[in-house]
Amino acid sequence: MNDVMIFAIASLGGIGIAASVILYFVAQKFKVVEDPRIDEVEESLPAANCGGCGYAGCRAFAEALVKQGDDKSNLDGLNCPVGGNDVMATVASILSLEVEEQDPLIAVVRCNGSHANSPKKVMYEGATSCAFAHNLFSGEGGCSFGCLGLGDCVKSCDFDAIHMNSETGLPEVNDKCVACGACVEACPRDIIELRPKGKKDRRIFVSCVNKEKGGPAKKNCDVACIGCGKCVKVCPFDAITMENNLAYIDPIKCRLCRKCVPECPTEAIHELNFPIPKVKKEPVAVSQPKVQDVKSIKEESPAEAVKEPKSAPAEKPEKPQEKPEDKTNETN
Amino acid sequence: MNQVQNFTKGFIKDNPVFVLLLGLCPTLAVTSTAINGLGMGLATTFVLVMSNIVVSLIKSQIPDKVRIPSFIVIIASFVTIVELTMQAYVPDLFESLGIFIPLIVVNCVVLGRAEAFASKNNLGSSIIDGLGMGLGFSFALTLLGAVRELFGSGSFFGMKFIPGDAILVFILSPGAFITLGYLIALLNRMKKA
Amino acid sequence: MEYIIIIIGAIFVNNIVLNQFLGICPFMGVSKKINTAVGMGGAVLFVMTLATIVTWVIQNYILNPLGLQFLQTIFFILVIASLVQMVEIILKKVSPALFQALGIFLPLITTNCAVLGVAILTIQKEFNLMEGVVYAIANAIGFSLALVLFSGIREHLDLMEVPKGMRGVPIALVTAGILALAFMGFANLV
Amino acid sequence: MNLLKVSGSPHVHTDNSVKNIMYGVIYAMIPAMLVSVYFFGLDALRVMVLSVVACLLVEYLLQKYVVKTDVTIWDGSAIITGILLAFNVPSNLPWWIILIGAIVSIGVAKTSFGGLGKNIFNPALVGRVFLLISFPVQMTSWPVPKPIGGTALTDAVTGPTPLGIMKEGLAAGQSVQEIMPEIPNYVQNLMTGFQGGSLGEVSAIALILGAIYMLYRKIITWHTPFAYLGSVVIFSGILWLVDPTQFVDPLFHLVTGGMILGVFYMATDMVSSPMSTRGQLVFGAGAGILTILIRVFGAYPEGVSFAILIMNGFVPLIDRAFKPARFGEMVKS
Amino acid sequence: MAKKESSFVNMVITLFVVTGVAALALGGVYNLTKEPIAIAKRLKIEKAIGEVLPEFDSITEFKSMPEGGKDSLTFYQATKAGEPVGTAVRTYTDDGFSGRFWIMVGFVDGDVISGTSVLEHKETPGLGDKMSTAWADQFKGKNLNDFNLKVKKDGGDVDAITAATISSRAFCDATERAYDELKKQGGN
Amino acid sequence: MFKTFKLGGVHPAENKLSEDKPIQVLPIPKIASIPFSQHLGAPAKVLVARGDVVKAGQLIAKGEAFISANIHSSVSGKVQKIDNIVDTSGFRRPAVVIAVDGDEWEESIDRSPELKTEITLGQKEIIQKINDMGVVGLGGATFPSHVKLMVPEGKKAEVLIINGVECEPYLTSDHRLMLEKGEEMLVGVQILKIALGVNKAIIGIENNKPDAIKHLSDLAQKHEGIEVQGLKVKYPQGAEKQLIKALINREVPSGKLPIEVGAVVNNAGTAFAVYEAVQKNKPLMERVVTLTGKSVKDPGNFMVRIGTPISELIEAAGGLPEDTGKVIGGGPMMGKALNSLEVPVVKGTSGILIMPEKESQREKVLHCIRCSKCVSVCPMGLEPYLLEKLVMFEDWDRTQSEKVMDCIECGSCHYTCPANRPLLDYIRLGKNKVGQIMRSRAGK
Ligand SMILES: Cc1cc2nc3c(=O)[nH]c(=O)nc-3n(C[C@H](O)[C@H](O)[C@H](O)COP(=O)(O)O)c2cc1C
Ligand SMILES: Cc1cc2nc3c(=O)[nH]c(=O)nc-3n(C[C@H](O)[C@H](O)[C@H](O)COP(=O)(O)O)c2cc1C
Ligand SMILES: Cc1cc2nc3c(=O)[nH]c(=O)nc-3n(C[C@H](O)[C@H](O)[C@H](O)COP(=O)(O)O)c2cc1C
Ligand SMILES: Cc1cc2nc3c(=O)[nH]c(=O)nc-3n(C[C@H](O)[C@H](O)[C@H](O)CO)c2cc1C
Ligand code: SF4
Ligand code: SF4
Ligand code: SF4
Ligand code: SF4
Ligand code: FES
């Protein structure tokens, strides 16, 4: 070994030792404690930073999770909509807690005032912003509750899950939706609701938020809920309530029996992803023409398709014919 | 992930330059010709593979707190080896790469790989990962160098086919930024299509 | 005069980012907001000056006397890495406010080749300690200037709808390129 | 009757439009274009037509096939860029260099950012500086003007610009007084156009005429030009007073090079200059100082292009720092 | 494979071992490459000398600090079979476009330039770096007694590189410096 | 010398088509729909029920909140229903719908035409009277006048400013009122002076109404402490803060009320309404409305009962033109586009403007070219282009710190933008959102 090698080892080794010793003592002296689990939890979160959990980003949520885990030893009320149950289970295991399974939710657009159903009475010009238009006037179709069609919800979605259908002028949600709730927040008219996805993606809901009395409501929109109360009466599970002339189906109580659907005189109640009832001869079922005519126009996803029951009003079956179909629907 | 994917990911999908935006300094600085780009890329690849090997071999012997310093020392050693070797055998290339050879040590690609991959995986995967990433890096540098050389001096790997001057800006610093910008835009577009 | 030439040269003529290609990663990465850019600039100023002093001492009092110049790289990076970590730990305890402002940038600086680059260049240019310090400070200012300018532009661009394919990194690189083009006007100023 | 329209107020609008403004600038440049044709002959026409057509074509192709937006080539802005690019180059520039300039101006500096209104840097200047650095030879050999009445148009005599003569002379160790005789009557010549230079910098009078028209039509305001010229005079004046043998007098700086062109037509480009009047003053002053700095101490004889481009980069920060005077701020209650 | 714990002793030992091994390895490589590096460096110089001087077989080397200069010049006096063939001077200028650059200039017969070669420079590619092309051939064989080492713009005899007058001027400056110093040293 | 404000401002074509048309009394409508909320503040609480018989001038809804105003019936007849109708807000909102029967007035109202100059009531009673009679500001904001007249503790009113500017293009109702009811108005001004306890009033009138300036100057000779001041024609000369700046060269600080600088501003029409309320005991149940527009056959100024559908007004002016594109309640700069022709005239309706299809079309929106015209015309010194962008990108913090709340919604920026950016649309949205955020923060 020559000099250079000896110097090299001595000096480099010396620096190595010096650095580690100094660092060690500095670290000891200036120690700051921070719960290491916060990092762990944060790592398990999807890092979408969408705020769907109600906190300012994933880090903040991780802190909240760790804190609540320590204080209350449960994670009730905290949920990451993007990651869903899997992520929450991981988080719980990091904090050695248990979590309850939460039904996955999905955004549902509760307005069917398409161009066909609620024709334009005036023409709007100006900022492409529902929020602005909502402050300006009742809407092109005259309904002061319905969709303005300017797409604030679409802009708010980080997941590419909600899009405008240019034919109807209404937004449609697809299955990329993670129920972050951004669109619910964005809609100035509170049209969008997060509802349980339902078994096999099946959902029944009132596709209208108009609180006016039947007459004026119907004047502006063919498919408005007119508050007639028929669905309330027919529901065997007390799932439907009537407030301010508007029916609302409680998704927890609703058992998807579909009795209310044909009952509605304006077809304001929508069902999604139910099989087409087997019909013998006549085109009688309520849901049949919906699915058919839209399928012919639009692509695969039935979830999107069913939202447009009246785009071809000519094919609409007469009301009386629906009555005998009750049983068929039920047995399906 | 199988080994093939592990190897090829560095070229397009996780390309350190085009996608991860790491190691940009050498990328921009030495790519005034394709040869320089290739040389820099290969030097980096060597360091990457060797440090990946060593890190994955001794990973269990390193306490967490001194993980990073140890890795840095390992990387720096290989960088120095490259430095000395190049000085001895390819002095011209060494001179034109200049300060950016010692700076391989701070190239985030190298430390990042040691930290994120080699310290968690076995020897075989680590070698392949290092090789893939390194060649991806070399690919990016060579491509950038080739484009800049083509426009900037009208030659390809040193072979001149346009007499006289070309568009000088391309081999100067603005050209580096602008060319990389459009290359990334082009790649994004191709990936979407 | 010597110092003024060093300062103007480092800030404008041979701007470390736009002309020397050092510290490009943070230049691209930490320039999305003006505030963070200023923070990063401050952190770099601090670390770069400190690191240049320490490495200068090491070079001139350890490596040169012992004939160990070939260990420069490994020594410098080890020292810089430890230095950054130490500063981080101390800052976290002593001044949480400053840590909030600079802390997140410190780890980034270890792998910022501007710091190591300037340390090596100081040795290469055979500066004395004082010149080295001035050089380091000037380069840090040059870095901050480019970073803050660039972050201003990027914040501005955030409010513009840049075409899809160019959004983000590509347009940032093109902007940096044009900025470098403009800075060429300073060529040979000193 | 049609459907009633509903919209927020206001319900009326000025007749002013983007097109109006842009074509106003084009009209303002007509005198300078005519003068350049007078002095450089058909070559000047060739450069201008080529440049404008190339700019329009590049913008059309990019908008139509690459970015896929509305084609807006007739809004006038690309025409301005084309003319200004032509104004900034020598009249004997080969066609392919002009084409490269147009691609850089419109493609890199404008369309990449999203088109009119979104670019950070002045497109014509990015084009010019790109060419200047890429093709230093072609971009710095200036044909000597020759009025149409004179002899052959194809005469390829080239000569340096006054700034070039000055720079070279000083670099060779001569004093200002020794160099001055080489540039006789420069003020008169520059005013009327009889001096080497790019298409648009030969005649200050024609340019000023256009500038007055733009001021009258309120297309530009006085703030940027005023601050620019003011700071040039002050800064170069100080240098001149310090050592009149090494530094030229302010008047020389004012009338030579692209000063008038840059100050009135390029520093005022609304897209790449600040919004508030205070900001515009700062912008102009900064550009003036940088211009002199580069002219006097830098490698280039001419600093206007670089100075404006550098200040373009500062615009976002200036916009942040210099807000307009807010109501309720001016007088304390 | 259990991770080692981060105890103080472990940390210090690990770092020491790592740095120690690194130093050992590097020292080894250094020793191995020391020779080749020296050879490479010498080769470069020799090649440059070869480029600027006629054939020779031995060299004596000495340094000299020019007046007012910042660095010293190196003189290589070449002889062939004991007969002096000329002197190569490693010289520099600080007036380059990007600062200092180094060139090698060969002189024969005291005043005649036998060749030039660029050693190290940072001039702009495509502009200033053209001085290492055929441009420099114009100096070959020029007797500095009647050749004015100035670019034509400054009243000299040198054709400047187009658009790179600064580099050309600096090149002349470096050559001039070598010549002056050579004269001071008393010619060949 | 004509005074003016300093910052910004624009000069749109004046188009005062109806300035020479004397005020005509419009026939009483067959059905009157009187909304509960015709003012700024809480809606009034309804006092009548379906089937009730009411007289003209009878109180039918009471303003109970601090900021609210009484509503009186403007006609006599039977309450047909209380229901939602589309009003000037563009929304369906509750109103009393009265089927008109004859024209029977409350006895307490003095319907005689003679001028009553002697003021008998004291300060407190005047304010009470104004409150009782449901007087609100007629200059646009319909802020309840009695609230404005109650100078808050610790502040002192020094000068009363009467806003006779009428800077909106097309509108002429204040102009005609000043010419035809000048004497009554000046008595109203004296009453307001007593209510505020000030001894100086300035009437500001834009210089495009030389006849009104002359007329009122002559009349003011007879009154003490009333001064008439001509103002340069520049929009928005009539905006409160700008008017104060022009007349007494004081600037109301950001977020503060005029009383901060010792001024109170009232509209000329308000002064007339105050005269009628205090001297004649007459509630605010009718007002002057300009019906105008380039294709309107017979533009004019009409005295209209509150609740009259605008369709009747349009009939009186020669019917709805063929090429109608937009019907605006108010002037073209600040008015609201109406979405129905059955909207009733309310207290704040100063005019109805019918715009032809061609003019009402908004031009294609282009990118902002940063021409800074919007910045230079903003009378508040804001940066509209920036506010628009910040609102678009929902950066509410910066929207607030860039002083969006100072915007007076004058529309000058929007009017002037060569790229046709919908600046004010977004700024309004921003004000709304920032207002909400500020309120919820204050609430916490
Ligand atoms: C980026 C850039 C690099 C340049 N590099 C050099 C150079 O290396 N050498 C040089 O002499 N001139 C260089 N120049 C040109 C000088 O700035 C200057 O224009 C020229 O040397 C003098 O002009 P002339 O040779 O045409 O008389 C460069 C210019 C630019 C813009
Ligand atoms: C919430 C609110 C409170 C107000 N309070 C007072 C007040 O206490 N005193 C007063 O003189 N004016 C008050 N004002 C009235 C304003 O000063 C102003 O006259 C009114 O908003 C109408 O102005 P404009 O038509 O210019 O918008 C208030 C206005 C608002 C919106
Ligand atoms: C842009 C703008 C323009 C206005 N123009 C007038 C006007 O021309 N005449 C007027 O009486 N009020 C105008 N106003 C309303 C005044 O600011 C102020 O609210 C009013 O004069 C107060 O009187 P009032 O409470 O009696 O309505 C305008 C307000 C704004 C924001
Ligand atoms: C007063 C004025 C000056 C202009 N100056 C330039 C200019 O210098 N260069 C340019 O490319 N375009 C100029 N334009 C046109 C236009 O603004 C420019 O193309 C935009 O920068 C492109 O987005 C000018 C326009 C106006 C109204
Ligand atoms: S559709 Fe609505 S709830 Fe679903 S992901 Fe998008 S924004 Fe969130
Ligand atoms: S659902 Fe709501 S947010 Fe979406 S377009 Fe309709 S009104 Fe707008
Ligand atoms: S609307 Fe608001 S922002 Fe626009 S000019 Fe008027 S006050 Fe300014
Ligand atoms: S007026 Fe219009 S184009 Fe001009 S700056 Fe304002 S928003 Fe932009
Ligand atoms: S900072 Fe230079 S390579 Fe990343």
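Letters A, B, ... are given to chains in the order of the sequence lines, protein chains preceding strands, and every chain is numbered from 1.
Taking all atoms of both residues into account, the shortest heavy-atom contact from F97(E) to N188(C) is O-OD1, 3.5 Å.
In this structure, F75(C) CZ and T19(E) OG1 are separated by 9.0 Å, a value rounded to the nearest 0.5 Å.
When heavy atoms are compared at a cutoff of 4.5 Å, L78(C) approaches chain E solely by way of its side chain, counted from C-beta outward. When heavy atoms are compared at a cutoff of 4.5 Å, A22(E) approaches chain C solely by way of its side chain, counted from C-beta outward.
Heavy-atom neighbours of K150(E) NZ from other residues, nucleotides or ligands within 6.0 Å: at or below the threshold of 12. Within a 6.0 Å radius of CD in Q124(C), more than 12 heavy atoms belonging to other residues, nucleotides or ligands are found.
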